[in-house]
Amino acid sequence: MPPTDLEPARMNRKKGDKGFESPRPYKLTHQVVCINNINFQRKSVVGFVELTIFPTVANLNRIKLNSKQCRIYRVRINDLEAAFIYNDPTLEVCHNESKQRNLNYFSNAYAAAVSAVDPDAGNGELCIKVPSELWKHVDELKVLKIHINFSLDQPKGGLHFVVPNVEGSMAERGAHVFSCGYQNSTRFWFPCVDSYSELCTWKLEFTVDAAMVAVSNGDLVETVYTHDMRKKTFHYMLTIPTAASNISLAIGPFEILVDPYMHEVTHFCLPQLLPLLKHTTSYLHEVFEFYEEILTCRYPYSCFKTVFIDEAYVEVAAYASMSIFSTNLLHSAMIIDETPLTRRCLAQSLAQQFFGCFISRMSWSDEWVLKGISGYIYGLWMKKTFGVNEYRHWIKEELDKIVAYELKTGGVLLHPIFGGGKEKDKYVYYPEVFNKLLSLASTASSQKFQSHMWSQMLVSTYGFLKSISNVSGKDIQPLIKQWVDQSGVVKFYGSFAFNRKRNVLELEIKQDYTSPGTQKYVGPLKVTVQELDGSFNHTLQIEENSLKHDIPCHSKSRRNKKKKIPLMNGEEVDMDLSAMDADSPLLWIRIDPDMSVLRKVEFEQADFMWQYQLRYERDVVAQQESILALEKFPTPASRLALTDILEQEQCFYRVRMSACFCLAKIANSMVSTWTGPPAMKSLFTRMFCCKTCPNIVKTNNFMSFQSYFLQKTMPVAMALLRDVHNLCPKEVLTFILDLIKYNDNRKNKFSDNYYRAEMIDALANSVTPAVSVNNEVRTLDNLNPDVRLILEEITRFLNMEKLLPSYRHTITVSCLRAIRVLQKNGHVPSDPALFKSYAEYGHFVDIRIAALEAVVDYTKVDRSYEELQWLLNMIQNDPVPYVRHKILNMLTKNPPFTKNMESPLCNEALVDQLWKLMNSGTSHDWRLRCGAVDLYFTLFGLSRPSCLPLPELGLVLNLKEKKAVLNPTIIPEVIAGSQEATMNPSSHAQLVGFQNPFSSSQDEEEIDMDTVHDSQAFISHHLNMLERPSTPGLSKYRPASSRPTIIPQHPSGCDGTPSTKPQWNMEFSRKGTGREQSPLEMSMHPAAATPLSVFTKESTSSKHSDHHHHHHHEHKKKKKKHKHKHKHKHKHDSKEKDKEPFTFSSPASGRSIHSPSLSD
Amino acid sequence: MADTAATAGAGSSGTRSGSKQSTNPADNYHLARRRTLQVVVSSLLTEAGFESAEKASVETLTEMLQSYISEIGRSAKSYCEHTARTQPTLSDIVVTLVEMGFNVDTLPAYAKRSQRMVITAPPVTNQPVTPKALTAGQNRPHPPHIPSHFPEFPDPHTYIKTPTYREPVSDYQVLREKAASQRRDVERALTRFMAKTGKTQSLFKDDVSTFPLIAARPFTIPYLTALLPSELEMQQMEETDSSEQDEQTDTENLSLHISTDDSGAEKENASVLQQNPALSGSRNGEENIIDNPYLRPVKKPKIRRKKSLS
C-alpha cells in the first residue's frame, strides 16, 4: 500500500467525524493493543490497550467501551487514574429468581441486555469516568488517551486455546491460540469499541515464546527479542482504518510459507503440515489476480496472511489482511473432493477481504450489501474457475435453499429499515444487481467505484444503491423494492394450453402469496419457449390480476418435415419428434430461466416435454429441473432419457449424478414392469468395469473427475433400488460388495478414500428394515445373511482405518453412519456406546460430529434421558466450540421431542437446564446462545413449556407489564416498554400469520422522535426492535431501580448480538454456498439446506412486522420525520458537497432514502 | 551240516521277526547275531545233557557268552592297537585269553571233542543299503582334455539347467480375484490380530468376537493422522507421480518451525539449520529475492525500544 493511502484514510476519518453521525460522543482514531504475556498452560493473557479518542461533545464525562470476560485492572486517561464500572448484562440475561420460562420473555430481556452494551448505540460494558481534572481538556475537544490494563483468564470465547496434552514445550506440542467468534466478538479478548462502523488505525504488539509466531493484522514492522532472549515481540501496524471487529490474532509454533508467487502473502500452518500447506495455497495467487482484475483495483492491504489452525470456530474467518482457516481444509495433491471446497473457502475469504474487511458497513442492516458483493464476486470467480455450469448450478442450489428456507420459516428481511429482503437471496438476486453495475460500468466508472472504496470505507445500503445508479445509470429501485424491502419468495404455478386455431400458447401463471414466506411478484418475467423452429424468449408482465398470457407461436406444427431444430445457443440438433404432440410445435417451456426472480416454479408440462428438455436443453438448471419433474413420470421413455443423459460424456457431471438418483426412483416406481438388469448396472459395467470380466471393476483411475464423481455416485443411487418386496435386490448388493472387493487403488494418482466412503454409504443405502418377530432381541444368530456381509465390510473398513487412516477419516465417518443405519433398521441392537466413544474429545472433528449425530438420533429414537444429559453435558463442557455448537444444531434439527409432542424426556429439570444454558451458560459465545435458544424453541415453543406447572397470575403479568411500561416517570423505560407493548399484538399475531404488522405504533413513533436524538439512533433503534419479538417484561422481575443501570438511556441501537440471529442464518447460507456438495453430501449435511431454527423465524417475522410498522409510519409520518431528520442532515450534506459524486453518500443521508430531503 | 534246516529256520524266523519289529538294517543285524548266540548256547546245553532250559536261563547264558566274546574282542583290539596295528592277529587273541585266565592249551582238544554240534554259519543278513543317489540321465564322459583319473562328472541334474514352464496365470479375472482376496485376507488377518491383542468394541452384547471392532482411541493431535497421507499413500504417490517434491524431511521434525529461519545466525537458528539443511537451504536461496517480514532476522532488544517503534 502506498503511503499516501494513509491520507485519504485520515481524510475519511475526518469526514466521518462530520458526516457519519457516530452514536458515540467521541471519535476513535487509533488503538494500541499490547499483549505482553500469553500463558498456554494456564490459558491466560495479560496486556493493555490504549485508545486515542477525540471527544466530539464538550461535556463528555463518561466513555463507554466494549469488553467482555476481561478482567480490567486499571484505567488511566492521559495518565490520570480513572474510575470505571464494568457491567456485562448479557452474562445472565434473565435473573435467577425469575420463574418465567417463555421465550418471548427471554428474547426481550436479551435484546434489552444487548442493546444496553451495544456500541452502535454508544453503549458498552465498560463505563469509564473521565477524571475531573480533564474536564476542561475535554471541553476543548482535545485528544484523550485511554490506557486500560487487562487480563484474560481461561477465556471461554473470543480467544481459543488449543493445547495438546503431550510431552514437550508448548511449541513442540503444537499449542496455539487464535481469536474467533461470531461477527463482532473482539470485545471478548480486549477492550475496544466492538463495532463495524468505528474505524481506526492500529498498533498491535504481541510478546510470545521465541519458538512461536504471532500473526495479526497489518504489516509486521519488526520482531524483537525480549531482554532475556526467550521471547519475541511482534510489532504490527495497521494503517488502514479498521473496525475492531476485524482485528484478529493467531499465535502458535507455525510453519511459515511465503507464497512463491506473491511474496507479500504469507501462509502459516501447524507443525508437520507444511507440505499440505504448500499444495493447498498454491492456487491462491490466481484468485488474487482474478479479483484484482475484476475489480480493477489492487488488493487493499499491503500484505495478506492465511493461518490454518486446529479446532476452528468456523471454516473461514476473514479479518483485516488476514484470514483464519480450519486446518482441516489443508489437503495433499492426492485428494480430489476437498480441493474445490478448499479453493472456494480461500476465494470466499479473499472476497471478504475487499468487502467486509476493507470496506466495512455502517450498520447491521447494511450487512447484506457486503455479504452480497463479496458473495457476488466470489460467484464470478467460481464461474471463471469451475465454469458456467457449476456457477449456474450453484445459483440454482442457493435459490432452492432460500426458497426452501423461507417457505419453511417465513421470509427473511435483508434490510429491515430500508426495506426487507432475504438474507440469502442476495446471492441470487445480487448477481443481478451487481452484474448491472459491473457490466454497465465503463472502466472509468469502475475506477470511480474504486475510489469510493478508498475514500469511504463504510458502506450502507443507500450509499450502495446510489453508487449503482451513479455508475450504471440504472435505476434498480423496483428490484430493491421487491427484494430488499420485502421478505419472502415468489411461488409460481404454471400451466399451459396450446390453442391450435390461433397458434397461440396460452400460459397461465398463478402465484401463491398467502402462505408464509411468500410474496406477490409484480413485474417482468422471462419465459423461454422452445419450438420446432427455434427457441424464443418472451417477457411477460406479471400484474395483479392477469393470470393468462397469450404467447404467439412462431412455428406451425409439422411432423413429417425432417429438419434440424435450432436451440437457444444456436446449436442445431436432430431430434426424434415422434414422442411429441402432433398438433403442437412446442417442445418445452421454461419460466424465468435466468433465475432472476427469487422463486419456486411449479410448472406443468407433458412428460415428453420434460424429456426433450432434459435431452436437448443446454442449460444445466433446466436439465436439473426436468430431472426433478421426471420423477413423477415413471415410464420407459423417462428411463431412456435419463439413461442417455447418464451416458453422455459432455453432459455436466452434476446433472448426471442427479439423473442417477432420479433413475433409481423411477425404477422403484416401475418395479413391476422393469425389464433387464437393475437400473444403472449395465451402464456402470460398461463405463467402469473390465471389458473381459464385467463383474470386476477396473483398477481405479480418477484422472477424469467427471467420471470419478459419477463412479462414486452410481452405486450409491443403485443401492436405493428396491424389488417388489421392497428389499434391495440381491444382485445390487452383490454388485456393490464386488466393487468393494475388487477396488484396487495401487495405480491411482489420487486417494480413493472418498470413493470407498461412498461405497460404504451405498451399503448403508441398501439396508432395509429388519423383519422382526415379536420384537426379539437382536443377536448374531438371527442376523440376516446380507447384513452379515455388510457388517463384515464395515468391520474391516473401520478396523483398517485404525491402521491406515484415510484423509479426514471419511471412511470412519461413513462406517459410523452405516452402523447407525443398521441399528435403526433393527439389524443390530441399538446402542449408543460405540458412538459415544467416537464422540470423545481427541477424535478428528468429522468423526466426532458423525458420532454425535448418531447419538442425537439415538436420543430421539430411544427417548433416552441419559444420552440427552450426556449431550447437554458436552454442550457445556466440550473444549471445541464448533462441536458444542454442532450438537445444539443437530439436536434442533433432529429434536428428541417437539413442542406438540408428549415425551418422557420433557420435564421441568430439562427446562431449567436448557434455560440456564441459554440464560447464563452460553454468554461467551453468541452463536452458542442462539443455538440454545433455537433448541429451546424447538422443544418447547415460544410460550411456557407445557411440562411446567402453570404460573400463578400469568395473565396479570402482561397487564401489569403494560402498566409499568406506560409509566411515564422513567422515560427510557417508557420507550422500550411502549414499543414492546405495541409490538406485543403483532408478534403474537404472527404466530398465526405475521401479516398483521400494523399495530398502534403511532405513539411509538412519537415517543421515538422525541427522545431519540439523531437519525442514526433512530434507525438503529428500529433495527434493534426487530430483534425483540415481543415483550412481557423486564420490569416485573427486575427491580425497577436496578433497571436503568442495566439498560441505560434508550435501549436503541443494534449490536452484534441481536443481529446474531439473522446473521447466523447468513452464516449458514455462506457455509452452504462455500461448499460444493454432491447430491449425496447434500443429503448428509442437511444443515446447509435447512439450517434455521424456527425461532429465528419468529424473530425475523417479528422483525418483518416491525419493519412494516416502520414503513407505515414512514409514509404516514413522512413530514414529521423529515423535519426531524432535516436538522441533522443539513449540516452533513453541506459538508459533503465537495465529495465526488460517486462516493457513497454519507451515512446520514443514507438513512433518509425515503425522504425527499436527501436532495437538500 | 545236518542242522542247517533248523538253524536256517531259526535264522529266517529271526530275520522275519526282526523285520517285523524294526525295519532298521542295523537292528536286524544285531538281532540275528543274538539269535545265533542263543543257538550256540542251546547247543552247548544240549551237549551238556540238558533236555530243556528256561528261557530266562538261556537268556542269561547268552548274555554271559556275549559279554565274554565282547570282552575278548575288546581286549584283543586293545592289544593289537597297542602294537600299532589295526587288525588283531592270533597272538593278540591268545594273549587276551591268557590274560582272561583261560587255558589256551585246552582249546584245540575242546574243539575236537566228539560230541560237539556243528552250527551252520548264520545267514548273511542283507547289509543295510545306502540308498543310491538319484541319477538322472547318463553321467557325461570326460572330454578329451581331462585326464581319465579325474573324478567323474556329477549327475547331470546337479549342473544342467532344465527350465520348466508352468503356464503363467494370464487370466485377468483370476489375477484380480487373487489380488483382491489376498489383500482382503491380509487385511482381515491383520485387523483381527489387532482386535485380539487390543481393546475392542462390539455391536452385539452377546458376541464380542464375530465382528470385533478395534476400540476407538483418541489422539492428542487428531488432525495429523487425519490430514497427513499415510506412508502407504506417500509411497503410492511417489510411484505414480515422481514429480511431487519431497517434503518428508520437515514433516518428520516436530519441533521444527522456521519462524526465525534466516541467516541471521542466532543460536537457535543455527540449530534449525542443522536440523534441516535442505529446507533452510532452499529458503535461503529464495531469500535473496524475497523480502517478507516473517523471514527477517529477529532484532536484538534495544534499550529504548519505544523510540524506534513510533
Side-chain angles (χ1 to χ4, degrees), chain A residues 164-166 172 174 213 219-220 222-227 232 235 253-256 258 263 266 271-276 310 327-328 330 332-334 690 692-693 696 741-742 744 746 749 751 779-780 791 795-796 798-800 802 804-805 808-809 819 828-829 834 837-838 840-844, chain B residues 172-173 176 179-180 184 187-188 190-191 194-195 201 203-207 210-211 213-216 218-230 232-233 236-237 240-241 244 247 250-251 254-259 261 268 286 290-296 298-302 305 309:
Chain A
N165 190 14
V166 278
E172 284 159 358
V213 190
D219 296 312
L220 177 64
E222 59 178 350
T223 318
V224 184
Y225 275 111
T226 52
H227 288 282
K232 293 185 293 195
H235 295 270
F254 298 123
E255 307 220 26
I256 299 170
V258 176
H263 294 166
T266 321
Q272 301 187 61
L273 300 176
L274 190 61
L276 302 184
D310 190 25
T327 193
N328 303 334
L330 294 174
S332 69
M334 290 188 308
C690 306
T692 49
C693 28
I696 297 181
K741 180 176 168 191
Y742 293 117
D744 186 346
R746 282 175 298 182
K749 198 181 159 192
S751 167
T779 60
L780 258 181
L791 211 49
T795 310
R796 198 169 49 83
L798 195 55
N799 285 342
M800 275 311 284
K802 304 286 187 307
L804 284 176
R808 289 190 79 156
H809 296 293
I819 290 175
V828 169
L834 178 78
S837 72
Y838 277 98
E840 289 299 333
Y841 178 68
H843 286 285
F844 187 66
Chain B
Y172 185 75
Q173 186 171 357
R176 286 293 300 277
R184 171 170 297 232
E187 286 184 5
R188 241 180 85 97
L190 187 61
T191 51
M194 296 297 289
Q201 291 163 318
L203 297 174
F204 297 90
K205 288 214 172 70
D206 53 334
D207 186 334
T210 314
F211 298 108
L213 298 173
I214 302 174
F219 297 93
T220 38
I221 305 184
Y223 60 84
L224 285 183
T225 45
L227 300 180
L228 287 174
S230 65
L232 189 81
E233 283 177 310
Q236 211 174 302
M237 195 155 77
T240 49
D241 188 359
E244 278 299 318
E247 288 295 341
D250 37 80
T251 65
L254 186 123
S255 63
L256 170 74
H257 72 97
I258 41 166
S259 59
D261 188 4
E268 158 200 359
E286 286 169 22
I290 296 178
D291 177 35
N292 184 293
Y294 294 94
L295 301 182
R296 280 179 211 145
V298 181
K299 290 184 186 165
K300 291 270 170 58
K302 290 164 198 163
R305 209 196 301 158
L309 287 183

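Within every chain, numbering begins at 1; the chains are lettered A, B, ... in the order of the sequence lines, protein sequences first and strands thereafter. Treat the numbers as computed from the prediction; the structure is a model and nothing was measured. Excluded from the calculations below are hydrogen atoms, water molecules and symmetry mates; all remaining heavy atoms, backbone and side chain alike, are included.
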I need the minimum non-hydrogen distance between B:Ile214 and A:Tyr838, along with the two atoms involved.
O-OH, 4.0 Å
Among B:Phe219, B:Phe211, B:Tyr172, which has the most heavy-atom pairs under 4.5 Å with chain A?
B:Phe211
Below 4.5 Å from any heavy atom of chain A, which atoms of B:Gln201 appear? Answer side chain, backbone, both or neither.
side chain
Rounded to the nearest 0.5 Å, how far does OH of B:Tyr223 lie from CG of A:Leu330?
10.0 Å
Can you tell me how far the CG atom of B:Leu224 sits from the CG atom of A:Leu276, to the nearest 0.5 Å?
9.5 Å
Answer whether the closest heavy-atom distance between the side chains of B:Gln173 and A:Thr692 falls below 4.5 Å.
no
Taking A:Asp744, A:Leu804, A:Thr266, A:Asp219 one by one, which has the highest count of heavy-atom pairs under 4.5 Å against chain B?
A:Thr266
Residue B:Ala179 versus chain A: region with a heavy atom under 4.5 Å
side chain
If you look at every heavy atom in B:Pro301 and A:Tyr225, which pair is closest and at what distance?
CB-O, 3.1 Å
Find the distance between OG1 (B:Thr220) and CG (A:Asn165) and round it off to the nearest 0.5 Å.
7.5 Å
Which atoms form the tightest heavy-atom contact between A:Arg808 and B:Leu227, and what is the distance?
CG-CD2, 4.1 Å
Taking every non-hydrogen atom, the tightest pair across B:Pro222 and A:Gly842
CB-O, 3.3 Å
Nearest atoms (heavy-atom pairs only) where A:Lys741 meets B:Ala180:
O-CB, 3.3 Å
Value for CD1 (B:Ile221) from CZ (A:Phe844), rounded to nearest 0.5 Å, stands at 13.5 Å
Please find the pair of heavy atoms, one from A:Val224 and one from B:Lys300, that lie closest to each other, and give the distance.
CG1-O, 3.7 Å
Let me confirm one number: the CE-CG distance from A:Met800 to B:Leu190, rounded to the nearest 0.5 Å.
6.0 Å
Look up atom CD1 in A:Ile819 and atom CG in B:Leu203, then write down how far apart they are to the nearest 0.5 Å.
5.0 Å
Tell me, with the steps shown, if B:Arg188 and A:Asn799 meet side-chain contact (heavy atoms from CB on, under 4.5 Å).
CA-CA 9 Å; B:Arg188 241 180 85 97; A:Asn799 285 342; over 6 Å; no
Is B:Arg176 close to A:Cys693 at the side-chain level, that is, under 4.5 Å between some pair of heavy atoms?
no
Where does A:Leu220 contact chain B at under 4.5 Å (heavy atoms): side chain, backbone, both or neither?
both
Measure A:Leu791 against the heavy atoms of chain B and call it side chain, backbone, both or neither at under 4.5 Å.
both
Backbone of B:Arg184 reached by a side-chain donor or acceptor of A:Arg796 within 3.5 Å
no
